[in-house]
Amino acid sequence: MAAKAGLPLQMFGRRLVHLQSSITSQNMSAPRLFSTEKQPEETATAEQKATESSPEVEKLTKELAAAKEQNAELLDKYKRSLADSENMRNRLNKQISDAKIFGIQSFCKDLLEVADTLGHATQAVPKDKLSGNADLKNLYEGLSMTRASLLQVFKRHGLEPLDPINQKFDPNQHEALFQKEDKTVEANTVVEVTKLGYKLHERCIRPALVGVSKC
């Protein structure tokens with residue numbers, strides 16, 4: 001009888017142990033809920049870390065500002081260097097171009113005297129005697145052709161005469177030798193040309209010698 005009475009107690013005890021095990025396993029498998037609010041200890045630690053990192057952030061900020069300033073300065077110097085190089089290149093190109101164009105300026109000035117002499121020679125020939133003197137006519141025609149040929153050479157190389165008769169006086173291209181009273185034209189008008197001027201590619205290399213009207 002005692003054995004029969006102990007059997008139910010053992011079965012109850014086993015069920016109780018099994019029940020406790022089930023409850024324990026459920027508690028372990030259930031998800032834990034954490035509060036989103038920081039604990040006072042965690043907040044203090046975060047503030048302390050931010051305070052400790054603040055000098056480093058400030059240092060990096062200053063270094064970044066200095067690097068930006070240096071970069072802007074270097075960029076400005078680079079742009080200035082490019083501009084200076086471009087200006088120098090343009091000046092050199094202009095000097096080379098001017099040397100090619102005006103390299104014959106001195107030579108042209110010397111030839112102008114030859115052209116002047118030929119002009120004076122043709123003007124000195126009496127036109128009324130050409131028909132009666134074949135030699136004089138041939139000489140005149142030879143001088144005229146030589147002067148015309150020389151002027152064509154001048155023109156081919158950009159050298160052209162300046163004959164400013166009845167034009168306004170221009171001090172850049174004319175040289176006034178005297179003033180002449182003339183009521184038919186306005187004041188400071190070229191009324192007489194004693195010597196032709198010449199320009200080489202729009203540059204006056206010899207001003208025309210002129211007489212200017214006055215009121």
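Throughout, residue positions are numbered sequentially from 1 according to the sequence presented. Side chains included, hydrogens not; waters and symmetry mates left out as well; all remaining heavy atoms used.
The two atoms that bring Thr146 and Leu118 nearest to each other are CG2-CD1, 3.8 Å, heavy atoms only. Closest of all the heavy-atom pairs between Val190 and Phe169 is CG2-CA, 4.2 Å.
Looking at Leu143 and Arg147, their side chains never come closer than 4.5 Å, going by heavy atoms from C-beta outward. For the pair Ile205 and Leu159, the minimum side-chain heavy-atom distance is below 4.5 Å.
Under the 4.5 Å side-chain heavy-atom criterion for grouping Ile, Leu, Val, Met, Phe, Trp and Tyr, Leu151 is connected to Phe107 within one hydrophobic cluster. Clustering ILVMFWY residues whenever any of their side-chain heavy atoms sit less than 4.5 angstrom apart, transitively, puts Val185 in a cluster other than the one holding Leu177. Cluster membership check: Met145 does not share its hydrophobic cluster with Leu136, using side-chain heavy-atom separations under 4.5 Å among Ile, Leu, Val, Met, Phe, Trp and Tyr. Note: the hydrophobic cluster containing Val193 does not contain Leu209 (ILVMFWY, side chain heavy atoms under 4.5 Å, direct or indirect links).
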Could you go step by step and tell me if Val125 and Leu139 meet the side-chain contact (heavy atoms from CB on, under 4.5 Å) rule? CA-CA 9 Å; Val125 175; Leu139 176 62; 5.6 Å; no

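With rounding to the nearest 0.5 Å, the separation of CG in Asp135 from CG in Leu130 is 11.5 Å. From Lys94, atom NZ reaches atom CD1 of Ile96 across 12.0 Å, with rounding to the nearest 0.5 Å. One distance of note links CD of Gln167 with CD1 of Ile165; it measures 9.0 Å at 0.5 Å rounding.
Within a 6.0 Å radius of CD in Gln152, other residues, nucleotides and ligands contribute 12 heavy atoms or fewer. The number of heavy-atom neighbours closer than 6.0 Å to NZ of Lys168, taken from other residues, nucleotides and ligands shown, is above 12.
The only option from Leu112, Leu162, Asp163 that meets the side chain to side chain contact (heavy atoms under 4.5 Å, CB included) definition with Leu196 turns out to be Asp163.
Pairs engaging residues 187-212 under the side-chain hydrogen bond (donor to acceptor under 3.5 Å, both in side chains) rule: Gln105-Arg203, Asp116-Arg206 [sequence neighbours left out]. Counting only residues at least two apart or on different chains, the side-chain hydrogen bond (donor to acceptor under 3.5 Å, both in side chains) pairs with a member in residues 76-92 are Asp76-Arg80, Glu86-Arg89.
A donor-acceptor pair is defined here as one N or O able to donate and one able to accept, closer than 3.5 Å; no such pair exists between the side chain of Ser213 and the backbone of Lys183.
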